[in-house]
Amino acid sequence: MDLTVKSETNVAYMVEGIKGKLKVVAAQSIKADHFDLDKYEDLRDMYDVVMSKQHFSISEIEALCDELRLLKK
């Protein structure tokens, strides 16, 4: 997958990856169509950070979820 290309498919891929890695309780409420391509770079940055870590503290998960909320349309 070439994440350098802005596309709805890549947004969906990254959102699913973030949800899976964070194991968010309310993951079903986070959907790819909630994110605009205008914020693609920010979402990609978050995706890169999340995928690079093996473990997250509770406060890190909360901060990442807060950031996801800010990135929504």
Hydrophobic cluster membership, Ile58 vs Ile18, 4.5 Å side-chain cutoff: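 Different clusters.
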Nearest atoms (heavy-atom pairs only) where Phe56 meets Glu60: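 Phe56 and Glu60 have their closest heavy atoms at CA-OE1, 3.2 Å.
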Shortest non-hydrogen contact between Ala12 and Ala32, atoms and distance: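 Nearest pair, atom of Ala12 first, then Ala32: CA-CB, 3.4 Å.
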Evaluation steps, side chain to side chain contact (heavy atoms under 4.5 Å, CB included), between Tyr40 and Val5: CA-CA 9 Å; Tyr40 186 85; Val5 177; 5.7 Å; no
Side-chain donor or acceptor of Asn10 paired with backbone N/O of Asp2 under 3.5 Å: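 Yes.
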Which atom pairs, one a donor and one an acceptor, fall under 3.5 Å between side chains of residues 66-73 and the rest of the protein, sequence neighbours left out?
{"from": "Asp66", "atom 1": "OD1", "to": "Arg69", "atom 2": "NH2", "distance (Å)": "2.3"}
{"from": "Lys73", "atom 1": "NZ", "to": "Asp33", "atom 2": "O", "distance (Å)": "3.3"}

side-chain hydrogen bond (donor to acceptor under 3.5 Å, both in side chains) between Ser57 and Ser59, worked out: CA-CA 5 Å; Ser57 68; Ser59 60; 3.1 Å; yes
Heavy atoms of other groups near Tyr13 OH, more than 12 under 6.0 Å: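 At most 12 heavy atoms, drawn from other residues, nucleotides or ligands, come within 6.0 Å of this atom.
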Can you give each donor-acceptor pair under 3.5 Å made by side-chain atoms of residues 41-52, sequence neighbours left out, with the distance rounded to 0.1 Å?
{"from": "Glu41", "atom 1": "OE2", "to": "Lys6", "atom 2": "NZ", "distance (Å)": "3.1"}
{"from": "Ser52", "atom 1": "OG", "to": "Asp48", "atom 2": "O", "distance (Å)": "3.4"}
{"from": "Ser52", "atom 1": "OG", "to": "Val49", "atom 2": "O", "distance (Å)": "2.8"}

For Lys19, all residues meeting salt bridge (Lys or Arg N to Asp or Glu O under 4.0 Å), sequence neighbours excluded: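 Counting only residues at least two positions away or on another chain, Lys19 forms a salt bridge (Lys or Arg N to Asp or Glu O under 4.0 Å) with Glu16.
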Worked check of side chain to side chain contact (heavy atoms under 4.5 Å, CB included) between Lys31 and Val15: CA-CA 7 Å; Lys31 297 184 170 78; Val15 168; over 6 Å; no
